[in-house]
Every structure is written in structure tokens, then in C-alpha cells.
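Here the structure is laid out as C-alpha cells; the discussion comes afterwards.
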Amino acid sequence: MVSITALMILIGIFFFLFATGIQAFAEISLHDFFLKATWNPAAYTEPAWGILALITGTLMVTFGALIISVPLGIASAIYLAEICAPKPREIIKPLIEMIAGIPSVVLGLIGILLLSPLVAGIFNLSNGLNALTSSIIVGIMVLPTIITISEDVLTSLPKEFREASLALGATRWQMIKMTLIPAASSGILAAVMLGLGRAVGETMAVLMVAGNSLAMPTSFFDPVRPMTASIAIEIKEVVKGSLHYEALFAVGLVLFIITFAVNFISDMIIEKRTRQYKW
Amino acid sequence: MKENRTLIEFRNFDFWYSEKQVLFDVNMKICPDCITALIGPSGCGKSTLIRCINRMNDLISCTRMKGRLLYKNKDINQKHIGVVELRKNIGMVFQKPNPFPMSIFENVAYGLKVQNIKSRSKIKETVEKSLKKADLWDEVKDNLNLSAFSLSGGQQQRLCIARALAIRPDVILLDEPCSALDPIATAKIEYLLKKLKKETTIIIVTHNMQQAKRISDNTCYLLNGKVIEYSKTDDIFHKPKYALTKKYLNGDFG
Ligand SMILES: Nc1ncnc2c1ncn2[C@@H]1O[C@H](COP(=O)(O)OP(=O)(O)O)[C@@H](O)[C@H]1O
Ligand SMILES: [Mg+2]
């Protein structure tokens, strides 16, 4: 019942995006849309509809966020599940869950007021609103997801694995590395994918700290404008039914397909692994 | 006793979980190259006793012990004795087969990898030898890369024995290894253990008295954390010295 409802909603959203978004391609060629770097829908003479710079912005922020949050998140999960004493764990875990509860506007503010001057200062930039700063902010946002899910997966592993490993003369670190992490890998992958989905879709904080430049970024110190930010900024200015309006829906459709594909692929990997080694 | 040599010795050994004492003044000498069976009703402390020998109880917080537990005349609970080293010499097979979620091959190779043995050929050779010793080789030799979970319960338990054997331990502890298995799988493991005792000392917990009778050289009868009687298996089953042992063997309780 729940799954049918979820499926209906998913299909509904897809058709909503698809019905409007597809109309954009009556006038914009797929080639121009995906492979041209200039996005300038409001230009009076020659509007440009290339979303490559926007996609690049999204990918940079997403992967930057994951590069920060995945190692940190997995390490924290291992620490919490396997090394930390129960008392401090009971304090740390709720704190991490509280990070998840911080509204993204607040994180965006912190990004603007604290982090971006810091980044500008350290790297000697005139402006700290760029892909790096947004990666850090989005990295912080997805960290609790990765930590809590990975930690749950690790603690739910049967104690038999631990005993078997230690009884063979493994050290605690060998047990973690050779037994627990491989056994938890599909669950940890799921955690990372969920984090990835969140990073791709994150809008508000990114809107505030990414710098919003439409130019094609060439490094993490360049300002970027991810797809989500473009939609959020522009949708309030466009005339309903105009080409620009339809093009924004097409951008939304691309976002939807990316997150859907990520989830689908990770489900397949997880499914395959759990079928092979279920316990 | 069958022999007078001693490999493992409990001396005035007491053990507590938090405030609850479960072993009382255990004195017991275990001789090398034989099978020692621990019998007694459920909850009498058999698992606790056997898990002291490879210090598996270290994993449980708030345990306490008194007295000495010697392996090769050294107290295993002393600070300078490495627990990792101890467990390499004293392997363990658990009540429920617990293979790792890996292939059959990787399961047996695990202990070698723990010891940082890198040579592929050495690992392959040892895996084959261990599986042969555990009477499993013929059944799995064409499927070494299959998941260990694809095996039956009895095969999984023999895989766990092979995994323990791969690092050539001095002693193998088995905690009710057949309790989850059918009679045929049980018979295979009993046959295997009798064959293995020539090279490895075996200590086995069992709630099945017939099993103790069939395979062990010495039997220890434990009740409420106390050793009631410990002697040659033949003696204990045919002329038990104590009334309590006789009652237990007759099936009056337990
Ligand atoms: N981890 C533990 N914490 C507290 N008490 C335990 C623990 N494990 C076992 N006990 C208690 O110790 C006693 C002996 O248990 P155990 O050694 O498992 O007996 P057996 O293996 O003979 O059935 C039992 O009363 C049991 O409840
Ligand atoms: Mg037990």
C-alpha cells in the first residue's frame, strides 16, 4: 500500500515535469541543451539554453561534498559503532542527529558569514562564495545521513562475525577492516547514495554560498550555479508557459533523472550483494 | 586421567559476570592431544569456562575472575601475554556456524591474511590442506568461490573447523558445535574430531552425553559452576564416583 502510494507519487511527479519540460525541446535542440555551456534565457536577441555549466556546478558541489563527507562520515560511524565507549556515544549520537535538523538557510548563513571569509582568507581569493565553500556546507549537511545510516548498519551486524574474527587472532582493527566493513559495505554504499541524492538536490544553502555565476567553472575556487539554484532563482521571474518556463522544467527533469538513476543503481548493487551474502 | 602431561590448567579459578558468580573454584588439568568433553545442564557455566581459555569473555564488560588459568605453564591473563597471540594458538568453533559473508576460499584464508601471509601459492596450499583435514574438500573443491552461505549447516560448521585449522592452532575449543545439526552432519563432525586429536588438542562442550561418551578421552561434569567430577570418560560413564554425576547421566535432571 505504502509502496503503491510512493510509486504513484513518483510517476505523478515524473509526468508533471515531463509534460512541461519536454515542450522546451520543440525549440531547443538536445545538443544545445546538454552540450553548450552558456545559459542565458533572458537575453533579448539571442537567448542561450546550454545547461552544461549548471550541470558542472551541480557535479562539482556534489562530488566536493562527498569527498569531504564520505571519509569523515564512515570514519565517524566506525568510531561510534566500534571504538567509542557507550557513555560518550549516547551524547555524540543525538548531537549528530541535531546537525541533520539545522535548516539549510541557517547553514547557508553560516557559510556566508563565517566560512566564505575563511575560505577567501586561506586561499587568498577576492570572494569566498564558490564551489569549495558550497561543497563544505553541503558536505556538512549530508554528514549526519552518512554517519547515522553507516553506524546503524555496523551495529546491526551479527556479533558472530566479530567473535569469529577475534577468535582467529585478529586485532580489533583487523576485525573492523577485514570483516565488518566488507560485511557492511552494501549498507554503507546505501548511506553514501542517500547522501549523494541529498547533495544533488540541495538548493537553499547552495543558492546562498555558491556564488551564482553562470560562467563555466574551471576550478573549485570559481563561483558556480548548480541546477537547483538556477531553478529556484529564475522560476519566480518567468512567465508561465514561456520557453524559459519550459526550459526550467526540463532542468528539473534532468535533476529528477539523475537522482532516480543514482538510487536505482545503488539499489541494484545492494540487492545483488545481499542476495549473494545474506545472513 | 589418561595422561599426566598438562597443556591447560585451571587453578582455584572463579569467574563473575558483574556481581553474579558463575564459576566456583575450578581446578582442572587438560592434557594435550586428547579430547576433553565438558558436560552439564544448560546454564551451568560450560560456555563461560571454555571461553575463558581463549579470553573471549574479554569482549563482555564487567567480568571479573580470580585464580589462575595456565596455558603451557603461563598465566594467560597476565598483562604481558598478548591475547591475539593466545588466540592464534587456541582456536574456537562456535555453537551456531558463523562463516563470514565471503566465499568459501576467503573464509579459510582469513586467518592467514590476519597473519599477513601474502603468498598466493602458500595461501592456496593451506586452504586446500585445511579443507581436506576438515573433510570438506571433496564437497567444495569446484565451488571455492561460492558464498559460504550456500553450504548446508553441517558443511558450514566443517568450514568453520577448516578456518580454525588453517592457522595450525595448538588447541581447538568447540562450544556445542553440533547442537544445530542433524545426526548425519553430527556424525561427520565427530568422526573428524577423533581424527584431528592426533595433531590438535580438542576441548568440546556438549549437552549430548552420548556424544561425550563416543568421542572424548576425558570428561568433566559441571554443575552450577562447580566441577563435580572430572576423570576418564570410561570411568565417568561406567562407574561415576558421585551420586550427582550418576543422577545426571541417568537423565534424572538436566
Ligand atoms: N554475558 C553474560 N552476562 C551475564 N550473565 C551471563 C552472560 N553469559 C552467561 N551468563 C550467565 O552465566 C551462567 C552460565 O552461562 P553459560 O556459561 O552460558 O552456561 P552453559 O554454556 O553451560 O549453558 C548462566 O546463568 C548465564 O545466565
Ligand atoms: Mg553454552
Side-chain angles (χ1 to χ4, degrees), chain A residues 74 77-91 149-150 152-191 268-279, chain B residues 47 50-51 53-62 82-104 106-116 130 145-150 156 159-160 162-169 171-175:
Chain A
I74 295 177
I78 291 170
Y79 175 77
L80 280 176
E82 299 300 325
I83 298 163
C84 189
K87 283 253 168 62
R89 175 166 55 222
E90 293 319 309
I91 302 168
I149 297 183
S150 305
D152 280 353
V153 173
L154 283 169
T155 40
S156 68
L157 291 177
K159 79 172 194 315
E160 282 82 8
F161 292 168
R162 288 163 230 268
E163 288 186 333
S165 175
L166 295 174
L168 286 163
T171 60
R172 183 150 72 162
W173 177 235
Q174 282 175 324
M175 168 191 82
I176 292 173
K177 198 174 62 174
M178 295 172 57
T179 313
L180 301 187
I181 294 179
S185 61
S186 55
I188 292 175
L189 183 69
M268 276 193 340
I269 297 171
I270 292 161
E271 171 78 6
K272 186 167 163 226
R273 241 198 88 86
T274 38
R275 193 150 12 101
Q276 195 175 4
Y277 293 122
K278 68 168 180 296
W279 55 82
Chain B
S47 298
I50 201 172
R51 290 165 65 95
I53 302 175
N54 66 344
R55 287 180 52 183
M56 276 322 256
N57 289 324
D58 286 13
L59 306 186
I60 300 164
S61 52
C62 304
V83 65
V84 163
E85 211 43 50
L86 178 78
R87 290 178 187 150
K88 283 175 186 166
N89 288 313
I90 304 182
M92 185 161 211
V93 173
F94 297 82
Q95 184 164 0
K96 201 176 121 214
N98 59 353
F100 297 120
M102 304 169 186
S103 71
I104 294 168
E106 287 165 47
N107 262 280
V108 185
Y110 190 94
L112 304 170
K113 295 204 178 123
V114 162
Q115 301 193 1
N116 250 321
S130 313
N145 291 320
L146 280 188
S147 161
F149 295 115
S150 64
Q156 285 187 22
L159 179 69
C160 292
R163 181 175 70 183
L165 288 172
I167 54 174
R168 304 185 57 80
V171 183
I172 292 191
L173 313 171
L174 301 106
D175 190 352

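For clarity, every value in this text was computed on a predicted model and none was experimentally measured. Residue numbers begin at 1 in each chain, while the letters A, B, ... track the order of the sequences.
Between the side chain of B:Arg163 and the backbone N or O of B:Val93, no donor-acceptor pair lies under 3.5 Å. Using modelled atom types, no side-chain atom of A:Thr179 and backbone atom of A:Ile176 make a donor-acceptor pair closer than 3.5 Å.
In this structure, no portion of B:Pro169 lies under 4.5 Å from any heavy atom of chain A. Contacts of B:Lys96 with chain A are made by side-chain atoms alone, with heavy-atom separations under 4.5 Å and no backbone atom involved. Only the side chain of B:Phe94 comes within less than 4.5 Å of a heavy atom in chain A; its backbone stays farther off. In this structure, chain A has a heavy atom under 4.5 Å from the backbone of B:Ile90, while its side chain stays farther away.
Minimum heavy-atom separation, A:Gly169 to B:Val84: O-CG1, 3.1 Å.
Top candidate by heavy-atom pairs under 4.5 Å with chain A, chosen from B:Val114, B:Leu173, B:Ile167, is B:Val114. Ranked by heavy-atom pairs shorter than 4.5 Å toward chain B, the options A:Ala164, A:Ala170, A:Pro182 are led by A:Ala164.
Side chains of A:Gln174 and B:Lys113 form no contact here, defined as non-hydrogen atoms less than 4.5 Å apart. Within the 4.5 Å cutoff, the side chain of B:Arg87 has heavy atoms near those of the B:Met56 side chain.
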